[in-house]
Amino acid sequence: MSKLIFIGGIFPEEKAEMLKQTEGACDVPADTLQKNIIKGIEKNTGKHLTIFNLYFVHDSFHHIKRVQPYTWTGNLGGTNYNLPYIRLRAYSLFSKSKSVQKYVGRWLSENNPNGKTKVLVYSAYFPFLKGLAVLKKKYDLEICLIVPDLPLYMGLREKKSPYNKLSLRTSAYLFNKYLPIVDSFVLLTEQMNEVVNPKGKPYTVMEGIASDLYDYKALEPTQHPRVVTYSGGIQKKYGIPTLLDAIRLIDVQDVEFRFYGKGDAVELVQACAETDSRIRYCGTLEMHSLHEEQQKSTLLINPRQNNETFTKYSFPSKNLEYMLSGRPTVAYKLDGMPQEYEAYLIMPKDDSAAALANCIQSVLQMSPSEQYEIGLKARQFVLEQKNYILQTKKILALLQ
């Protein structure tokens with residue numbers, strides 16, 4: 001008899017307090033996407049998944065800490081297992097692999113030793129594949145890998161330490177080593193298929209899921225105060241310098257440009273704020289408050305440009321979040337973005353600061369009702385076409 005299990009890295013609701021104690025921030029988009037995938041599969045099948053979980057957090061370099069195992073039940077999944085491992089940088093990766101091998105193997109021997117088990121694995125993370133490679137020699141496993149990022153492009157930062165560079169290369173090497181055990185793929189972009197699927201195995205493209213948990217309020221359009229908002233990683237590679245250059249070119253005074261988040265370009269934003277009173281660095285906010293600020297904005301902006309190799313292999317979850325706000329979204333056309341989004345995003349004509357400035361000004365010059373209509377159409381599109389039920393049907397069709 002065929003069974004379906006999920007292996008990934010999510011944060012159970014009752015462990016929210018643990019998040020405050022982690023040495024690295026929770027990857028909120030990854031956490032949200034996984035939970036939407038699980039929720040969608042359970043909704044479409046009418047069955048609970050069994051989840052094997054290893055938190056995605058930054059592991060300590062100097063201090064050894066053992067993450068204790070426990071089981072939990074909640075809104076997602078049936079009987080779920082948080083697996084133990086040793087938190088010690090490089091060693092933690094191999095500790096996680098051993099944990100998958102031991103605890104998933106124990107479950108297989110007790111629940112489905114002779115039948116086929118379909119394994120849905122979240123992210124191109126070699127510890128999961130390494131552990132499953134051992135189990136696949138003993139059990140009938142059909143492995144479907146969800147690939148939101150390629151290992152070589154994970155953790156995009158302007159400056160990487162020698163350790164981080166070596167870690168990325170090692171992870172990419174080991175990921176490719178164990179890639180042959182995968183039977184099918186769920187990819188973020190079509191271009192990923194050329195990299196991870198040379199054997200032409202079954203695959204589907206699912207660029208993301210519009211969360212139904214967005215704290216939406218049908219705010220009436222207003223003309224003042226006018227606010228342009230950026231929220232997310234304030235990284236140089238995400239186009240923040242170009243956005244700041246564009247702001248200098250915008251000849252509109254009754255507008256604020258607000259930045260929420262953290263990253264290597266925060267000091268640059270703060271320096272610009274000292275000479276331009278329209279610019280404000282607002283720090284970080286918890287998700288509910290951030291959604292409120294997005295909806296109070298005149299427009300939202302994602303300045304990530306199509307000028308890096310990784311853009312072929314990415315679809316910013318920020319775009320879906322912005323579109324859910326019901327406010328106009330300015331964003332670039334990335335190589336990995338499906339063409340259908342072009343009808344709902346306002347796109348600069350090229351990568352120059354002047355083109356971005358013109359794009360922002362064009363929205364500011366619209367009437368409140370025009371802005372409201374553009375934002376509402378984008379929100380309706382992602383809610384109707386990119387919700388968790390429809391998007392996970394692609395995964396189930398692949399598995400079947």
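Counting begins at 1 with the first residue of the sequence.
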Exercise: do [X] and [Y] side chains pair donor with acceptor under 3.5 Å:
X    : Y    : answer
E321 : Q294 : yes
Y122 : Q34  : no
D335 : T311 : no

Taking all atoms of both residues into account, what is the closest heavy-atom pair of [X] and [Y], and its distance?
X    : Y    : value
I234 : V266 : CG2-N, 3.9 Å
Y313 : Q191 : CE2-O, 3.6 Å
A133 : K137 : O-CG, 3.6 Å
P127 : K96  : CB-CB, 4.1 Å
L324 : S211 : CD1-O, 3.4 Å
T50  : T79  : CG2-O, 3.4 Å

Test log, rule side chain to side chain contact (heavy atoms under 4.5 Å, CB included), inputs W72 and Y81: CA-CA 7 Å; W72 87 90; Y81 306 91; 5.6 Å; no
Is the shortest distance from a Lys or Arg side-chain nitrogen in [X] or [Y] to a carboxylate oxygen in the other one below 4.0 Å?
X    : Y    : answer
D264 : K236 : no
K377 : E373 : yes
D276 : R248 : no
E340 : K386 : yes
D140 : K3   : no
E256 : R280 : yes
E142 : K116 : yes
K39  : D212 : yes

Has [X] got a side-chain atom pairing as donor or acceptor with [Y]'s backbone, closer than 3.5 angstrom?
X    : Y    : answer
S297 : L300 : no
N80  : N53  : no
Q305 : D351 : yes
E286 : S289 : yes
K333 : M337 : yes
T392 : I395 : no
E42  : G77  : yes
E110 : W107 : no
N193 : N197 : no
Q361 : D251 : yes

Plane angle bin for H291 and Y214 - parallel if under 30°, tilted between 30 and 60°, otherwise perpendicular: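 If you compare the ring of Y214 with that of H291, the planes turn out parallel.
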Parallel, tilted or perpendicular: rings of Y70 and Y55 (30°, 60°):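 Tilted: the ring planes of Y55 and Y70 meet at 30° to 60°.
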Run through [options] and flag the one making a side chain to side chain contact (heavy atoms under 4.5 Å, CB included) with [X].
X    : options          : result
S231 : N302, L285, L290 : L290
Y341 : L320, T329, N319 : L320
L356 : I250, I301, L249 : I301

Steps toward side chain to side chain donor-acceptor pair (under 3.5 Å) verdict (Q365, S362): CA-CA 5 Å; Q365 290 167 358; S362 70; over 6 Å; no
Verdict with reasoning, T117 to L108, per side chain to side chain contact (heavy atoms under 4.5 Å, CB included): CA-CA 8 Å; T117 301; L108 289 167; 3.5 Å; yes
Would you say the ring centroid of [X] lies under 6.0 angstrom from that of [Y]?
X    : Y    : value
F128 : Y178 : no
Y230 : F257 : no
Y281 : F259 : no

Derivation and outcome, side chain to side chain donor-acceptor pair (under 3.5 Å), residues Y388 and K35: CA-CA 10 Å; Y388 70 93; K35 288 175 179 176; over 6 Å; no
Working for side chain to side chain contact (heavy atoms under 4.5 Å, CB included), residues F6 and I38: CA-CA 8 Å; F6 180 91; I38 294 167; 3.9 Å; yes
R304 NZ/CZ over Y238 ring centroid, <6.0 Å and within 45° of normal: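 The answer is yes; both the distance and angle limits are met.
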Same apolar cluster (I L V M F W Y, side chains within < 4.5 Å links), I37/I389: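 Same cluster.
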From CG (L145) to CG (L129), nearest 0.5 Å: 5.5 Å
Stepwise side chain to side chain contact (heavy atoms under 4.5 Å, CB included) test for L364 and L299: CA-CA 8 Å; L364 293 175; L299 70 94; 4.2 Å; yes
Working for ring-ring contact (aromatic ring centres under 6.0 Å, His included), residues Y125 and F175: CA-CA 7 Å; Y125 193 50; F175 170 70; over 10 Å; no
From CA spacing to verdict: salt bridge (Lys or Arg N to Asp or Glu O under 4.0 Å), R258, E293: CA-CA 10 Å; R258 298 178 183 175; E293 294 306 314; 3.5 Å; yes
